[in-house]
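Values below: every heavy atom of this structure, side chains too, minus hydrogens, waters and symmetry copies.
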Amino acid sequence: PLPRQQQQQQPERRSAPQVPQPQASNPSVGNTDDSGRRSAAVITERVLELARGLLGPHGAEIHSETALLLEAGLSSNAAVLLRDLLLCELPVEIHGRLPATLIFDRPTAASVAALVVGQLSLVRRQDQQP
């Protein structure tokens, strides 16, 4: 057994950051503007919110839509989780169009939003074809 003094000096346990919950009916991400496209600004902000939530206390350090999410401390597992959380808020038609490597391929919130808007526009055009 450890001496009493060493027993009392147990290492402090750190709690994991809380994982943000997807908002399946998130009106801000789910709504479309007059042209039928989701707003890149709204999607960018949601990507930032999810990234900040995954980073916990360090998430507050992400101030810009052009911040590199992996360099801000997002792990590879958290990057995939961020993509999965975002997919929960998007139409099912786009799910196969956002790869698991999304955050590696598109390292900023603005570039993720640009891809999402482009894919949503493509899906919309395909739906309108006879």
Side-chain angles (χ1 to χ4, degrees):
L2 294 173
R4 178 173 274 198
Q5 191 177 32
Q6 286 181 341
Q7 288 177 354
Q8 293 175 356
Q9 295 178 351
Q10 295 284 333
E12 192 177 315
R13 291 191 184 248
R14 299 174 79 189
S15 61
Q18 284 213 319
V19 176
Q21 296 300 311
Q23 300 173 1
S25 60
N26 186 344
S28 60
V29 175
N31 284 346
T32 57
D33 61 18
D34 292 338
S35 67
R37 296 185 348 182
R38 281 163 183 76
S39 164
V42 171
I43 295 171
T44 299
E45 186 54 39
R46 186 61 184 145
V47 170
L48 289 171
E49 288 172 5
L50 291 170
R52 288 178 185 130
L54 289 168
L55 286 170
H58 300 291
E61 297 172 10
I62 302 176
H63 300 291
S64 166
E65 64 187 30
T66 58
L68 297 173
L69 299 175
L70 294 172
E71 286 190 14
L74 205 65
S75 69
S76 58
N77 287 339
V80 173
L81 182 56
L82 179 122
R83 174 250 188 192
D84 292 346
L85 291 168
L86 185 61
L87 282 178
C88 290
E89 300 179 21
L90 294 169
V92 73
E93 297 84 10
I94 196 174
H95 287 197
R97 298 172 181 269
L98 299 181
T101 58
L102 176 65
I103 305 303
F104 300 97
D105 301 338
R106 304 288 181 134
T108 67
S111 62
V112 169
L115 176 66
V116 169
V117 168
Q119 292 300 319
L120 289 168
S121 177
L122 182 63
V123 166
R124 184 174 166 80
R125 281 193 306 257
Q126 288 174 344
D127 288 347
Q128 291 175 349
Q129 290 179 353

Under 3.5 Å, sequence neighbours excluded: what are the donor-acceptor pairs made by side chains of residues 105-112?
unit_1 : atom_1 : unit_2 : atom_2 : d
Asp105 : OD2    : Thr101 : OG1    : 2.8
Thr108 : OG1    : Ser111 : N      : 3.1
Thr108 : OG1    : Ser111 : OG     : 3.0
Ser111 : OG     : Thr108 : N      : 3.2
Ser111 : OG     : Thr108 : O      : 2.9

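Remark: Glu61 pairs with no residue by the salt bridge (Lys or Arg N to Asp or Glu O under 4.0 Å) rule, at least two apart or across chains.
Between Arg52 and Glu49, no side-chain nitrogen of the basic residue sits less than 4.0 Å from a carboxylate oxygen of the acidic one, so the salt-bridge criterion is not met.
With hydrophobic clusters built from ILVMFWY side chains whose heavy atoms lie under 4.5 angstrom apart, Val123 does not share a cluster with Leu98. Residues Leu90 and Val117 share a single hydrophobic cluster, defined by chaining ILVMFWY side chains whose heavy atoms lie under 4.5 Å apart. Neither Leu48 nor Val80 shares a network with the other; the hydrophobic side chains, linked directly or stepwise wherever heavy atoms of I, L, V, M, F, W or Y lie under 4.5 Å apart, form separate groups for each. With hydrophobic clusters built from ILVMFWY side chains whose heavy atoms lie under 4.5 angstrom apart, Leu50 shares a cluster with Phe104.
Here the shortest heavy-atom pairing between Ala79 and Leu70 reads CB-CD2, 4.2 Å. Minimum heavy-atom separation, Ala72 to Ile62: CB-CG1, 3.8 Å. In terms of heavy-atom proximity, Ala40 sits nearest to Ala113 at O-CB, 3.5 Å.
Atom CG of Leu82 is separated from atom CG of Leu87 by 9.5 Å, given to the nearest 0.5 angstrom. For the atom pair NE2 of His95 and CG of Leu86, the computed distance is 9.0 Å after rounding to the nearest 0.5 Å.
Residues Leu69 and Val47 form a side-chain contact, since some pair of their non-hydrogen atoms from C-beta on lies under 4.5 Å apart.
Pairs engaging residues 65-76 under the side chain to side chain donor-acceptor pair (under 3.5 Å) rule: Ser64-Thr66 [sequence neighbours left out].
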